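Here the structure is a predicted model, which is why all the values come from computation and not from measurement. Atom set for the values below is all heavy atoms of this structure, side chains included, hydrogens, waters and symmetry mates excluded. All residue numbers in this chain count up from 1 along the given sequence.
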Amino acid sequence: MSPADLANLADLLHRRSGLVVTADKARLIESKLAPVARRFGFRDASALFGELPYPPEELARAVTEAMTTNESSFFRDRAPFEHFRDVTMPALCAGRATKRRLRIWCAAVACGQEAYSLAMLLDEMGIAAQGWKIDLIATDLSAEAIARAKEGLYSQYEAQRGLPAQLLLKHFTQEGTNWRIAERLRRMVSFRTFNLLDHFGWLGEMDVIFCRNALIYFDAYTKQTVIGKLAETLAGDGALVLGAKESVADTSGWIADRVRGVYQRAPGAAYTERKIVRAR
């Protein structure tokens, strides 16, 4: 990969998704783009790079999706999920006892494990049986990842990663060497493709936002812009959950909870959304 090839790819990815790529990832880039090259009739990834300054929309979308990271697992890092169950949910339920409705968003959900982990917790808590309406929305940039999430079918390896055996047997059905999550849990989650660089207006106000391990791929400006948009979407007493290696340390208006990566908005904090210029 030449410096010019890398520059064209980096520009395309940053404009379309906010992702940042560097020269030290050259081998990873070529391995991820090789299947895209074959699908579009290029002899290899190197030939594909020549199209990147002015790619057709379908190719640009395929390259962007191929470069996203869809790594996830059930109950990843556990602590944020335990905090959600033991601290966040009781506090929100107490504050919304009259309307009995909660809205939860999983952003950058990859193949759905995070959203289904929350669905399992909510099911175990019996929230719906108590008359609560739960809007559990899950989004990701990758249409392929969202399609897999909707299907709810996981390999033996994926099903066992972070998932206690009792929950696997309770909430999944084995299909050959794979495991499919129960239909009642699939119905709890509304999946759709969504780019964090786009407008958040359609989401409405959220009580809890899980946006884990997405910001680490952005530059500082894009990260702060997205955090500002998350703040505008989050209810005043809501909770923002980031990845263990992420923080809002360089963004004002947040209070850190006792669990790493969990934040609440500071009282009276105001946010101004900055614009991200990107290709359509």
Trainee: State whether the number of non-hydrogen atoms from other residues, nucleotides or ligands found under 6.0 Å of E144 atom CD is greater than 12.
Mentor: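 Counting other residues, nucleotides and ligands, CD of E144 stays at 12 neighbours or fewer.
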Trainee: Does any N or O in the side chain of D44 come within less than 3.5 Å of the main-chain N or O of A47, such that one atom is a donor and the other an acceptor?
Mentor: yes
Trainee: Is there a continuous path of hydrophobic side-chain contacts, each under 4.5 Å between heavy atoms, that joins L59 to L19?
Mentor: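 L59 and L19: one cluster.
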Trainee: Under 3.5 Å, is there a donor-acceptor pair linking the side chains of D140 and S142?
Mentor: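 Distance-only check fails for D140 and S142.
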Trainee: Give a yes or no on whether the backbone of A79 and the side-chain of D77 come within a donor-acceptor separation of less than 3.5 Å.
Mentor: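 Such a contact is absent between D77 side chain and A79 backbone.
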Trainee: Measure the CG-CG distance between L33 and L9 for me, rounded to the nearest 0.5 Å.
Mentor: 6.0 Å
Trainee: If the test is side chain to side chain contact (heavy atoms under 4.5 Å, CB included), which one of V63, L6, I29 qualifies with F49?
Mentor: I29
Trainee: Mind checking whether W105 and T139 have side chains closer than 4.5 Å, heavy atoms only?
Mentor: yes
Trainee: For the backbone of F218 and the side chain of T222, can you confirm whether one donor and one acceptor N or O come within less than 3.5 Å of each other?
Mentor: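 Not confirmed, T222 side chain does not pair with F218 backbone.
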Trainee: Where is the tightest heavy-atom contact between V241 and P80, given as atom of each residue plus distance?
Mentor: CG1-CB, 3.8 Å
Trainee: How long is the span from the CG atom in L102 to the CG atom in L122, to the nearest 0.5 Å?
Mentor: 8.5 Å
Trainee: Quick check on the 6.0 Å ring-centre criterion: do Y116 and F75 meet it?
Mentor: no
Trainee: Is it true that E246 and R212 have a side-chain N and a carboxylate O under 4.0 angstrom from each other?
Mentor: no
Trainee: Examine distances only and state if a side-chain atom of R148 and a backbone atom of L153 form a donor-acceptor pair shorter than 3.5 Å.
Mentor: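 Looks like yes, one N/O pair under 3.5 Å.
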Trainee: Other residues, nucleotides and ligands only: do more than 12 of their heavy atoms fall within 6.0 Å of CZ on R260?
Mentor: no
Trainee: Closest heavy-atom contact between I181 and R186?
Mentor: O-NH1, 2.6 Å
Trainee: Does one side chain, of Q166 or H171, offer a donor that lies under 3.5 Å from an acceptor on the other?
Mentor: no
Trainee: If I take atom CG from residue D257 and atom CG from residue L240, how far apart are they, to the nearest 0.5 angstrom?
Mentor: 11.0 Å
Trainee: Mark yes or no for whether R103, through its side chain, and I134, through its backbone, hold a donor-acceptor pair below 3.5 Å.
Mentor: no
Trainee: Of all heavy-atom pairs between E65 and T68, which one has the smallest distance, and what is that distance?
Mentor: O-OG1, 2.6 Å
Trainee: Could you tell me whether E124 and K170 have a side-chain N and a carboxylate O separated by less than 4.0 Å?
Mentor: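 Salt bridge present between E124 and K170.
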Trainee: Got a donor-acceptor contact below 3.5 angstrom from the R180 side chain to the E151 backbone?
Mentor: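 A pair under 3.5 Å: yes.
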Trainee: Return the SG to CE distance between C93 and M125, rounded to the nearest 0.5 Å.
Mentor: 6.0 Å
Trainee: Would I104 and V189 show up in the same hydrophobic cluster when neighbours are defined by side-chain heavy atoms closer than 4.5 Å?
Mentor: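 The answer is yes; both residues are in one hydrophobic cluster.
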Trainee: Backbone N or O of A231 within a donor-acceptor pair of the R265 side chain at under 3.5 Å?
Mentor: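 Answer holds: yes.
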Trainee: For S117 versus F81, what's the shortest heavy-atom pair and its separation?
Mentor: CB-CE2, 3.7 Å
Trainee: Going by an N to O cut-off under 4.0 Å, is there a salt bridge joining D11 and R15?
Mentor: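 Yes.
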Trainee: Say whether, by atom type as modelled, one donor and one acceptor occur between the side chain of E205 and the main chain of D207 under 3.5 angstrom.
Mentor: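 No; zero donor-acceptor contacts below 3.5 Å.
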Trainee: Determine whether a donor-acceptor pair (N or O, by modelled atom type, separation under 3.5 Å) exists between the side chain of Y263 and the backbone of L242.
Mentor: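 Pair absent, no side-chain N/O of Y263 close to backbone of L242.
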Trainee: Counting only heavy atoms from other residues, nucleotides and ligands, does the tally under 6.0 Å from CD of E58 exceed 12?
Mentor: no
Trainee: Looking only at heavy atoms, what is the nearest atom pair of A115 and C106, with distance?
Mentor: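 The answer is CA-SG, 3.9 Å.
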Trainee: Hey, does the Lys NZ or Arg CZ of R96 hover above the aromatic six-ring of W132, less than 6.0 Å from the centre and inside 45° of the axis?
Mentor: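 No, R96 does not sit over the ring of W132.
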Trainee: Nearest 0.5 Å, please: how far is OG in S17 from CE in M67?
Mentor: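 With rounding to 0.5 Å, CE (M67) is 9.0 Å from OG (S17).
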Trainee: Cluster question for you: counting only ILVMFWY and a side-chain heavy-atom cut-off of under 4.5 Å, with indirect links fine, are I137 and L230 together?
Mentor: yes
Trainee: With distance as the sole test, does K229 use its side chain to make a donor-acceptor pair with the main-chain N or O of L197 at under 3.5 Å?
Mentor: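 Such a contact is found between K229 side chain and L197 backbone.
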Trainee: Apply the test ring-ring contact (aromatic ring centres under 6.0 Å, His included) to residues Y157 and W179: give CA-CA distance (whole Å), side-chain angles for both, the deciding distance (0.1 Å), then the verdict.
Mentor: CA-CA 10 Å; Y157 172 74; W179 293 82; over 10 Å; no
